[in-house]
Amino acid sequence: MKKIIMIFASVAIMVSCKNTNSKGQIADEARQDTIDSMKVVAEKQRIIDSMTIVHENEIKEKEKQVIVVRDQQAAPAAPQRKKWSGAAKGAVIGAGVGAVTGAVISKKKGEGAIIGGLAGAGLGAGTGAIIDDSKKK
């Protein structure tokens, strides 16, 4: 803002220094135009400053306000997902390991995988149940 005013002032000084001949009336008009434009710029800046002050006051008022909430119920907590028991985990892991082992060892791959899977599932479920029991104690 100060730069704009300084530019207008320097233009006014230059115009007033150059025109000292018979065209003095033109120089006076140019000088008056410069002064008028500086007044317009100053008025605009005054309006902007007042709007800034009003905005800051509104922000301060909002910060001072107290919000009271009544009869608000707490949001229901998300239901917890059920976790697998140790027996279920053991059965799944045992079935997978048993099926792979049965398929690798047996000459009949499909039959070996089925038998190994069933045996592994049984052993895994038993082991998982034992682990669950020991954790409860």
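The analysis underlying the following values was restricted to heavy atoms, covering all of them including side chains, and did not include hydrogens, waters or symmetry mates.
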Value rounded to 0.5 Å, distance of [atom1] in [X] from [atom2] in [Y]:
X      : Y     : atom1 : atom2 : value
Thr52  : Gln45 : OG1   : CD    : 8.0 Å
Glu56  : Glu61 : CD    : CD    : 13.0 Å
Lys44  : Ile48 : NZ    : CD1   : 8.5 Å
Lys135 : Ser85 : NZ    : OG    : 10.5 Å
Asp28  : Asp33 : CG    : CG    : 11.0 Å

_Residues clustering with Val92 (ILVMFWY side chains joined when closer than 4.5 Å, directly or via others)_ = Trp84

*Which heavy atom in Asp132 sits nearest to a heavy atom in Ala87, and how many Å separate them?*
OD2-N, 3.4 Å

*What are the two closest heavy atoms between Gly112 and Ser106, and how far apart are they?*
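Looking at all heavy atoms of both residues, the closest pair is CA-CB, 3.6 Å.
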
_Once salt bridge (charged side-chain N to carboxylate O under 4.0 Å, His left out) is applied, do any residues pair with Arg46, and if so which ones, sequence neighbours excluded?_
Glu43

*Around atom NZ of Lys108, are there more than 12 heavy atoms of other residues, nucleotides or ligands at under 6.0 Å?*
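Atom NZ in Lys108 is not crowded, with 12 or fewer foreign heavy atoms closer than 6.0 Å.
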
_Applying side-chain hydrogen bond (donor to acceptor under 3.5 Å, both in side chains), can you list everything that pairs with Asn57, at least two apart in sequence or on another chain?_
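side-chain hydrogen bond (donor to acceptor under 3.5 Å, both in side chains) check on Asn57 returns nothing, list empty.
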
